[in-house]
Amino acid sequence: MRPDQTTQSKRPSLAVEIAGIRLRNPVMPASGTFGYGEEYAPFLDLEDIGAIVTKGLSLKPKAGNPTPRIAETISGMLNAIGLQNVGIDAFKKHKIPFLRTLNTPVIANFFGNTLEEYGEVAERLEDIPEIVAAELNISCPNVKQGGIVFGTDPKAASEVVRLVRSKLSKPLIVKLTPNVTDITVVARAVEEAGADAICCINTLTGMSIDIRTRKPRLANRTGGLSGPAIRPIAVRMVHQVVQAVSLPVIGVGGIVRAMDALEFLIAGATAVQVGTANFVDPSAMITIINGIEEFCIEEGIDDINQLIGSLR
Amino acid sequence: MKNYRTKIISNQEISPGYYRMRILAPGFGKKARSGQFVMFRVQRSLPPLLRRPFGIFRTGFLPPDCDDMPPTEYVEILYKRVGRGTTIMAELHEGDRVELLGPLGNGFDLTSSGGEKILVGGGIGLVPLYMLASELVDNNSVRLLMGGRTRDDILAVTEFERLGVETYVSTDDGSLGEEGLVTQVLERKLQKYPDAEVFACGPMPMLKAVREKCLEYQAPLQVSLEEFMACGVGACLGCVVKGVGHTDETPSYLCTCTAGPVFKAEHLDWTGLGNNDSECGGCS
Ligand SMILES: Cc1cc2nc3c(=O)[nH]c(=O)nc-3n(C[C@H](O)[C@H](O)[C@H](O)COP(=O)(O)OP(=O)(O)OC[C@H]3O[C@@H](n4cnc5c(N)ncnc54)[C@H](O)[C@@H]3O)c2cc1C
Ligand SMILES: Cc1cc2nc3c(=O)[nH]c(=O)nc-3n(C[C@H](O)[C@H](O)[C@H](O)COP(=O)(O)O)c2cc1C
Ligand code: FES
């Protein structure tokens with residue numbers, strides 16, 4: 001646990017609530033950057049962070065894309081992992097026993113290749129008591145309908161959220177893709193379809209070319225851009241979504257330091273996720289939590305909720 | 001494994017474009033095994049964003065400045081200047097702050113001890129072989145076959161000799177040792193020592209040629225691979241290679257950072273290896 005600072009001054013309360021889940025603080029990992037939690041256990045106390053968010057899970061194990069899968073860019077990285085994961089059944093069997101030992105809420109991120117698959121994963125998540133909430137990744141192509149990405153079409157997004165909602169009584173967080181013309185349209189659609197919270201943003205589609213070989217740096221040609229490079233876009237989109245819907249919003253995109261996380265909170269995010277920064281510094285989330293606390297003390301804020309959405 | 005927030009003890013160019021860096025790392029040596037690596041953060045500020053993976057060349061202790069001080073433990077890496085990160089590294093000095101995550105990954109398997117051991121290094125690929133040699137020399141007869149493009153790519157050979165390792169050097173241009181490929185030397189050694197076990201690290205074309213020879217002479221082979229890495233701890237799944245038997249229907253992807261970087265040759269699907277044009281630090 002983090003050192004107790006009660007002797008110095010009264011510690012501000014960092015606890016927040018999202019869709020009925022109480023988090024000890026608003027900082028959690030972004031899906032796909034923190035494995036299944038255990039990978040980072042040697043480097044930070046998993047009971048110091050607000051929640052654990054798993055790698056995206058699917059019905060069957062998924063192999064992912066050919067390599068190279070990652071490429072560094074200035075202040076960011078492109079990834080085309082291809083959602084490699086162990087599958088929901090292996091997750092339950094091999095990853096839950098470790099997660100069960102922790103006093104930290106576990107949020108399962110999941111996806112499907114078809115509408116039906118989304119529904120089936122949701123059904124299985126409903127049956128895993130250790131999972132307190134589900135985060136629905138709709139940035140995936142629908143293989144049955146010409147590969148259109150669910151999250152770029154308000155109708156498809158609404159349909160998948162409605163189906164998942166009907167199978168899942170747990171809190172449902174819907175994670176939006178930024179690769180759309182107007183994110184508020186999709187945000188409103190998923191709100192109407194029954195989402196309990198919105199998480200944004202997923203990665204921005206990008207491309208990088210090796211000028212000597214004249215080949216794309218990623219085998220998949222394109223990939224998702226993450227890291228500090230996307231932060232201003234993420235802050236803008238969180239701001240837009242907060243204005244557009246009345247659901248709680250989890251902000252994600254390029255957070256490396258406490259001041260980055262604070263931007264999202266001030267813009268109206270109830271919590272934040274830290275992704276790529278975990279690779280740079282495996283204890284980044286702890287530094288961020290401590291920095292948020294210090295900021296609150298400096299600013300005379302005794303409850304983080306006073307800061308959330310305080311944009312002037 | 002641990003994240004060391006630490007500083008540089010020394011950083012020197014040892015051959016044109018190649019550097020040796022010593023980094024303060026108390027307690028590191030006890031945990032490190034040959035073939036493991038570190039994720040190195042070249043500076044506190046960004047960019048570069050990601051850490052860089054480097055093999056562990058060796059660990060050791062510096063004598064204390066005065067008698068009542070404990071000796072200073074360090075980890076040493078050898079690196080080639082190739083891009084953004086290593087260019088920044090080349091400019092670093094004693095006392096500069098850096099971060100080091102490690103020791104990481106799965107090292108060499110030394111369970112079949114006793115007998116002939118042949119170590120094959122291509123350019124900067126010799127890095128993980130030094131600790132391996134020092135672990136092997138007591139109970140085995142160890143030979144190092146070291147290849148490079150020119151004499152400048154042949155590093156640290158005298159240090160291997162000091163361990164008691166017999167060394168054979170070959171260069172593409174004949175500027176040092178025998179002219180030609182390291183696999184020519186390997187073939188002769190395999191003819192002479194049919195029971196030898198082979199350990200190799202270097203550019204992919206060299207590893208593929210070494211594997212061909214080992215198949216031909218039925219010599220067991222372990223290789224250390226390089227892949228692009230973001231996390232180094234098995235979380236991002238960016239660093240995978242195909243395992244043996246991989247098909248689109250029954251995929252088998254292994255993380256280079258956790259299942260590797262050292263693999264037994266028979267556990268890999270060699271057809272898919274080396275299709276990416278990563279600038280391999282050696283003589284590719
Ligand atoms: C397990 C392992 C051990 C290694 N050991 C050594 C060593 O002991 N000495 C040494 O000189 N080099 C070693 N390398 C290669 C070294 O990591 C790269 O040369 C280095 O990352 C290049 O960084 P850069 O910023 O100078 O190059 P840039 O080309 O600017 O790097 C851009 C990005 O590509 C990645 N990258 C580029 N080349 C490689 C490569 N060959 N392998 C993996 N990632 C790469 C970088 O990490 C970075 O994310 C090792 C690689 C791995 C995977
Ligand atoms: C290597 C990698 C893998 C990711 N995998 C997933 C995933 O499985 N599911 C998902 O919803 N988002 C995934 N993401 C997106 C992140 O969760 C996050 O939305 C994005 O990276 C932006 O945050 P960041 O800039 O802090 O990294 C992944 C990102 C990266 C870099
Ligand atoms: S580098 Fe992230 S899984 Fe290997």
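Chain letters run A, B, ... following the sequence lines, proteins first and then strands; every chain starts at 1.
Across A235(B) and G35(A), no two heavy atoms sit closer than the pair CB-N, 3.6 Å. Across all non-hydrogen atoms, the minimal contact from L49(B) to P228(A) is CD1-CD, 3.7 Å.
In this structure, R217(A) forms no cation-pi arrangement with F228(B), as its terminal cationic atom is not both closer than 6.0 Å to the ring centre and no more than 45° off the ring axis.
At distances below 3.5 Å, not a single donor-acceptor pair connects side-chain atoms of R69(A) with backbone N or O atoms of V240(B).
In this structure, N278(A) and C231(B) have side chains that are not in contact, with every pair of non-hydrogen atoms separated by 4.5 Å or more. Taking 4.5 Å as the limit, some side-chain heavy atom of I74(A) sits within range of a side-chain heavy atom of R84(B).
Only the side chain of R5(B) comes within less than 4.5 Å of a heavy atom in chain A; its backbone stays farther off. Of the two parts of Y40(A), only the side chain, counted from C-beta on, holds a non-hydrogen atom closer than 4.5 Å to a non-hydrogen atom of chain B. When heavy atoms are compared at a cutoff of 4.5 Å, D281(A) approaches chain B by way of both its backbone and its side chain. With a 4.5 angstrom heavy-atom cutoff, M229(B) touches chain A only via backbone atoms. Contact of S283(A) with chain B is made through the side chain alone, with heavy-atom distances under 4.5 Å. With a 4.5 Å cut-off on non-hydrogen atoms, L46(B) touches chain A through its side chain but not through its backbone. Neither the backbone nor the side chain of P61(A) comes within contact range of chain B, judged by heavy atoms closer than 4.5 Å. Only the backbone of F34(A) comes within contact range of chain B, with heavy atoms under 4.5 Å apart.
Taking the charged nitrogens against the carboxylate oxygens, E72(A) and R51(B) have no contact shorter than 4.0 Å, which rules out a salt bridge.
Environment of CZ in R100(A): crowded, with over 12 heavy atoms of neighbouring residues, nucleotides or ligands closer than 6.0 Å. Crowding of K31(B) atom NZ: a count of heavy atoms from other residues, nucleotides or ligands under 6.0 Å exceeding 12.
Here SG of C236(B) is found 5.0 Å from CD1 of I70(A). Values are rounded to the nearest 0.5 Å. In this structure, CZ on F43(A) lies 5.0 Å from CE on M1(B), to the nearest 0.5 angstrom. For the atom pair E39(A) CD and C257(B) SG, the distance stands at 9.0 Å (nearest 0.5 Å). Once rounded to the nearest 0.5 Å, the distance linking CG of N65(A) with CG of L237(B) reads 11.5 Å.
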